[in-house]
Enquirer: 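Handing you this structure, nothing more for now.
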Amino acid sequence: MNEVITIDGPSASGKTSVAKLVAQRLGIPYISSGLLYRAVALMCLLENVSAEEIEKRLPKHRLELQPTPTQNLVFLDGHEVSEALHSLEVDQVVSAVAVRPAIREYVNQVLRRIPPPFVVDGRDMGSTVFPQARYKFYLTATPEVRAQRRVPERGAAFDTVLSEIIRRDEADKHQSAPARDAIILDTSYLDLDGVVQRVLEHIHPLS
Ligand code: DC
């Protein structure tokens with residue numbers, strides 16, 4: 001039982017909710033890799049420095065992700081910061097963090113230390129971080145559908161959320177290409193259970 005299942009896709013494509021439910025159904029942990037980029041973005045905000053500067057300071061910090069059955073806990077220098085990772089302020093800084101190759105390598109190392117099996121969601125989990133993964137999925141949906149899904153989480157106006165999603169799609173596009181062997185699922189007209197069902201149909205029972 002040494003399986004990695006990757007679920008990639010653009011922001012608000014539903015990948016974290018899908019990864020959580022698929023993992024639950026399979027009885028294995030899920031990992032949300034975006035949380036680690038968000039934690040580095042939070043470091044920038046806490047220290048009031050740029051992504052370039054935080055890259056130099058990374059060796060001074062300790063970043064850990066601990067999966068629990070219902071959520072991922074993120075610890076920065078021993079303090080749990082999970083609740084602070086989904087603000088609009090973090091959304092606005094995180095792309096500048098995620099484009100830096102040295103920061104990506106740092107996050108990838110944190111991820112590769114986590115023992116399988118697990119379901120992991122992100123942008124480049126199937127293409128770069130876990131190219132040997134047994135099952136790879138890539139979720140897509142229109143920007144409007146994704147903004148609609150994210151409005152209740154952010155408590156912000158639809159137009160604000162939509163323009164943030166469009167800006168982030170553009171900023172993240174280089175690390176967001178699907179793996180060549182990924183199964184692509186358009187989720188625009190599916191509800192959460194429908195997407196989970198499609199993913200599970202592709203997965204044989206893990207042994
Ligand atoms: O999935 P998310 O919205 O929580 O991701 C937050 C940011 O991190 C997003 O702007 C893109 C970046 N990210 C990335 O570049 N690579 C990943 N594997 C996961 C996230």
Side-chain angles (χ1 to χ4, degrees), residues 1 3-46 61-94 97-98 103 106-126 129-130 133 135-139 141 146 148-156 161 164-165 168 172 187 190-197 199-200 203 206:
M1 182 100 147
E3 309 282 359
V4 175
I5 295 168
T6 61
I7 301 185
D8 289 305
S11 56
S13 57
K15 56 196 186 305
T16 299
S17 310
V18 172
K20 226 185 238 189
L21 285 172
V22 168
Q24 220 172 57
R25 291 284 296 274
L26 298 172
I28 61 178
Y30 89 95
I31 312 284
S32 180
S33 65
L35 292 177
L36 294 172
Y37 289 101
R38 290 174 176 278
V40 178
L42 183 66
M43 288 181 202
C44 293
L45 294 171
L46 293 174
H61 291 288
R62 201 172 75 249
L63 185 57
E64 289 154 290
L65 186 150
Q66 190 181 305
T68 75
T70 52
Q71 59 173 329
N72 284 180
L73 300 178
V74 177
F75 295 88
L76 178 55
D77 300 322
H79 300 285
E80 210 226 287
V81 295
S82 323
E83 291 291 311
L85 300 179
H86 286 287
S87 66
L88 266 179
E89 289 81 1
V90 168
D91 285 350
Q92 280 155 4
V93 174
V94 71
V97 158
I103 295 180
Y106 176 85
V107 165
N108 294 349
Q109 280 171 19
V110 175
L111 290 166
R112 290 183 181 129
R113 279 199 289 268
I114 302 170
F118 53 77
V119 180
V120 62
D121 81 72
R123 299 291 195 288
D124 57 347
M125 296 300 103
V129 186
F130 300 107
Y135 299 102
K136 300 180 184 180
F137 298 91
Y138 192 89
L139 307 186
R146 290 185 279 132
Q148 200 61 61
R149 290 175 183 163
R150 190 145 270 191
V151 162
E153 287 169 29
R154 290 293 181 274
V161 177
E164 181 55 31
I165 281 181
R168 215 134 58 88
D172 295 339
T187 74
L190 291 170
D191 63 8
L192 184 55
D193 283 344
V195 184
V196 170
Q197 203 46 48
V199 168
L200 289 171
I203 299 176
L206 300 177

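Residue numbers start at 1 and run along the sequence shown. Atom set for the values below is all heavy atoms of this structure, side chains included, hydrogens, waters and symmetry mates excluded. In this text the structure is predicted, and so the values were computed from the model without any measurement.
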Enquirer: Is there a side-chain contact between Ile5 and Leu26 (heavy atoms, below 4.5 Å)?
Expert: yes

Enquirer: Would you sort out whether Gln71 and Thr68 count as a side-chain contact (heavy atoms from CB on, under 4.5 Å), showing the intermediate values?
Expert: CA-CA 5 Å; Gln71 59 173 329; Thr68 75; 3.5 Å; yes

Enquirer: Which heavy atom of Pro29 sits nearest a heavy atom of Pro117, and at what distance?
Expert: CD-O, 3.3 Å

Enquirer: Going through the checks in order, is the side-chain contact (heavy atoms from CB on, under 4.5 Å) test met by Arg149 and Thr187?
Expert: CA-CA 12 Å; Arg149 290 175 183 163; Thr187 74; 3.2 Å; yes

Enquirer: Salt bridge (Lys or Arg N to Asp or Glu O under 4.0 Å): which pairs involve residues 30-43, sequence neighbours left out?
Expert: Arg38-Asp91

Enquirer: Please enumerate all residues that pass side-chain hydrogen bond (donor to acceptor under 3.5 Å, both in side chains) together with Glu89, with sequence neighbours excluded.
Expert: Ser87

Enquirer: Looking only at heavy atoms, which two atoms of Met125 and Ser33 are closest? And how far apart?
Expert: CE-OG, 3.5 Å

Enquirer: Pick from Leu63, Val74, Leu73: which one makes a side-chain contact (heavy atoms from CB on, under 4.5 Å) with Leu35?
Expert: Val74

Enquirer: CD1/Ile165 to CZ/Arg150 distance, rounded to the nearest 0.5 angstrom?
Expert: 6.0 Å

Enquirer: What are the two closest non-hydrogen atoms of Ile203 and Tyr135, and how far apart are they?
Expert: CG2-CE1, 3.9 Å

Enquirer: Atom CD of residue position Glu83 - does it have more than 12 heavy atoms of other residues, nucleotides or ligands inside 6.0 Å?
Expert: no

Enquirer: Give a yes or no answer on whether the side chain of Asp124 reaches the backbone of Val129 with a donor-acceptor pair at less than 3.5 Å.
Expert: no

Enquirer: Rounded to the nearest 0.5 Å, what separation is found between the CD atom of Glu80 and the CD atom of Gln66?
Expert: 8.5 Å

Enquirer: Let me check something: any side-chain donor-acceptor pairs from residues 13-21 under 3.5 Å, sequence neighbours excluded? List them with distances.
Expert:
{"from": "Ser13", "atom 1": "OG", "to": "Pro10", "atom 2": "O", "distance (Å)": "2.8"}
{"from": "Lys15", "atom 1": "NZ", "to": "Pro10", "atom 2": "O", "distance (Å)": "3.3"}
{"from": "Thr16", "atom 1": "OG1", "to": "Asp121", "atom 2": "OD1", "distance (Å)": "3.4"}
{"from": "Thr16", "atom 1": "OG1", "to": "Asp121", "atom 2": "OD2", "distance (Å)": "3.2"}

Enquirer: Applying side-chain hydrogen bond (donor to acceptor under 3.5 Å, both in side chains), can you list everything that pairs with His61, at least two apart in sequence or on another chain?
Expert: Glu47, Asp77

Enquirer: Minimum heavy-atom separation for Tyr30 and Ala23, please, with both atom names.
Expert: CB-CB, 3.6 Å

Enquirer: Which pair of heavy atoms, one from Asn72 and one from Ser82, lies closest together, and at what distance?
Expert: O-OG, 3.9 Å

Enquirer: Should Leu111 and Phe118 be marked as a side-chain contact (heavy atoms from CB on, under 4.5 Å) after you check the CA-CA gap, both sets of side-chain angles, and the distance that decides it?
Expert: CA-CA 11 Å; Leu111 290 166; Phe118 53 77; over 6 Å; no

Enquirer: For Gln109, which residues count as a side-chain hydrogen bond (donor to acceptor under 3.5 Å, both in side chains) partner, sequence neighbours excluded?
Expert: none

Enquirer: For a 4.5 angstrom cut-off between non-hydrogen side-chain atoms, does Val40 reach Leu36?
Expert: no

Enquirer: Are the side chains of Leu46 and Leu76 in contact, using a 4.5 Å heavy-atom criterion?
Expert: yes

Enquirer: Return the set of residues passing side-chain hydrogen bond (donor to acceptor under 3.5 Å, both in side chains) with Arg168 (not counting sequence neighbours), or none when no residue passes.
Expert: none

Enquirer: Identify the heavy atoms of Cys44 and Val93 that sit nearest to each other, and give their distance.
Expert: CB-CG1, 4.1 Å

